[in-house]
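Have a look at the structure below, then the notes.
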2 protein chains.
Amino acid sequence: MTTAPVAPAATHASSRGRTRLANDAWEAALGAHTALMRRFTEDDVWAGLSMRDYDVLYTLSKCDAPQRLSDLGRHVMLSQPGLSRLVDRLVERGLVGRCADPTDARAAHLSLTAEGRALQRRVGRAHGASVAAALTARLTDEELALLESLSRKLSLPDDDLPEETP
Amino acid sequence: MTTAPVAPAATHASSRGRTRLANDAWEAALGAHTALMRRFTEDDVWAGLSMRDYDVLYTLSKCDAPQRLSDLGRHVMLSQPGLSRLVDRLVERGLVGRCADPTDARAAHLSLTAEGRALQRRVGRAHGASVAAALTARLTDEELALLESLSRKLSLPDDDLPEETP
DNA sequence: GTTAGTTACATGCGAATGCATATAATCGGC
DNA sequence: GCCGATTATATGCATTCGCATGTAACTAAC
């Protein structure tokens, strides 16, 4: 009942097999994420930042316009109060600047300070090198491009999904 | 300086391009992980378990022999003390059994209780269905198989890596 | 313009986490 | 069999997190 290695000779691919395929892929992906995250966390490149700190700094570094908390929240895997306080700490440390949004008094405009940008660049260079080393040692160029392509498809919101049976 | 969209017409692929390729792939993969984890977390299938709780129960469910903490630690993204206390809570809740290892008095043998196994199966069915729904809506069978294959390569430890220039 | 509903963010608080370290058992020479 | 090194797990403590909720501002219908 638990293990059923019988090959279902269905016409295309049985729904059972497709579910299994998806779950196996997800489990493997989780394993890869865990293995790589562990490796990167142990890297000695973080200069006192947690990986979440860096995630916020990196996200801000990619945006020229100041971001709101809720914008950051879409990219960072953290609850809204958690992100609120994480940003608090980054502001306190002088890495992130917070100024009022003239068009919306509720919102805050967040951006990197000069120090924050410098730190992000410094850490980013080292971390990026480590990422490249780990990934290029395991995947070919074609596989890297494929991974990016698959990942982008997986990131699609429910809205713009390629329909199957409309 | 920040954006250099100039195509490097190198013979194969410049080292710069390869680094970039790897970092883009990793960023996309992180995005997919965040998007899917958020979705799965919000699913109403967890029956009072955190996803980490479930991760431990699932890992134990796959093993017939009792596991040690350090075995679990390889699969769960958590520090050793963190895992120790997470297991404490699961034992307290009657989902995991802890008994002494006769061959090693330091180690503990961890296994699912009947209740823990039942809960893992119940939650696992619902969660597995959600995983399948999300992934099969975004990837074809071939892509799912590819994702699993790429993920397995990414999970390889430094030891058994396919050598490049020995 | 008043008010209900929504959005953006912050805060109180208990629970979970990581780091450093402690404890206890096993292993490997000798 | 003894002792240093290593392994397996636990605990103290400060930090961080998520949930529930609060506060303030915006929006829209009337």
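Numbers restart at 1 for each chain; the letters A, B, ... are given by sequence-line order, proteins then strands. Since we're looking at a predicted model, the values are computed, not measured.
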On DNA chain C, compare the nucleotides closest to A:Thr41 and A:Leu69; which residue's is nearer the 5' end? A:Leu69
Atom [atom1] of [X] to atom [atom2] of [N]: distance rounded to whole Å?
| X | N | atom1 | atom2 | value |
| --- | --- | --- | --- | --- |
| A:Trp46 | C:dG18 | CH2 | P | 16 Å |
| A:Asp88 | C:dT11 | CG | P | 7 Å |
| B:Asp55 | C:dT17 | CG | P | 12 Å |
| A:Met77 | D:dC17 | CE | P | 13 Å |
| A:Asp71 | C:dC9 | CG | C1' | 13 Å |
| A:Leu83 | D:dC19 | CG | P | 14 Å |
| A:Arg74 | C:dC9 | CZ | C1' | 14 Å |
| A:Leu86 | C:dT11 | CG | C1' | 16 Å |

Please confirm whether the shortest side-chain N or O distance from B:Ser70 to OP1 or OP2 of D:dT7 is below 4.0 Å. no
Base, sugar-phosphate or nothing for B:Asp104? Non-hydrogen atoms, less than 4.0 Å. sugar-phosphate
Contact class for A:Leu78 (heavy atom, under 4.0 Å): base, sugar-phosphate, or nothing? sugar-phosphate
Nearest-nucleotide comparison on DNA chain D, the residue closer to the 5′ end among B:Ala107 and A:Thr103: B:Ala107
DNA chain D: 5'-proximal contact among B:Arg98 and A:Ser79 (nearest heavy atom): B:Arg98
Under a 3.5 Å threshold, yes or no: a donor from one side chain and an acceptor from the other, between B:Tyr58 and B:Gln120? no
Of the nucleotides C:dT17, C:dA8, D:dT16, which has the atom closest to the A:Arg89 side chain? D:dT16
Is it true that [X] and [Y] make a salt bridge, defined as a side-chain N closer than 4.0 Å to a carboxylate O?
| X | Y | answer |
| --- | --- | --- |
| A:Asp101 | A:Arg106 | no |
| B:Glu148 | B:Lys153 | no |
| A:Arg152 | B:Asp24 | no |

Base of [N], side chain of [X] - is there a donor-acceptor contact under 3.5 Å?
| X | N | result |
| --- | --- | --- |
| B:Arg85 | D:dG12 | yes |
| A:Arg106 | D:dG22 | no |
| B:Gln80 | D:dA10 | yes |

Verify the ring-centre separation between B:Trp46 and B:Phe40: is it less than 6.0 angstrom? no
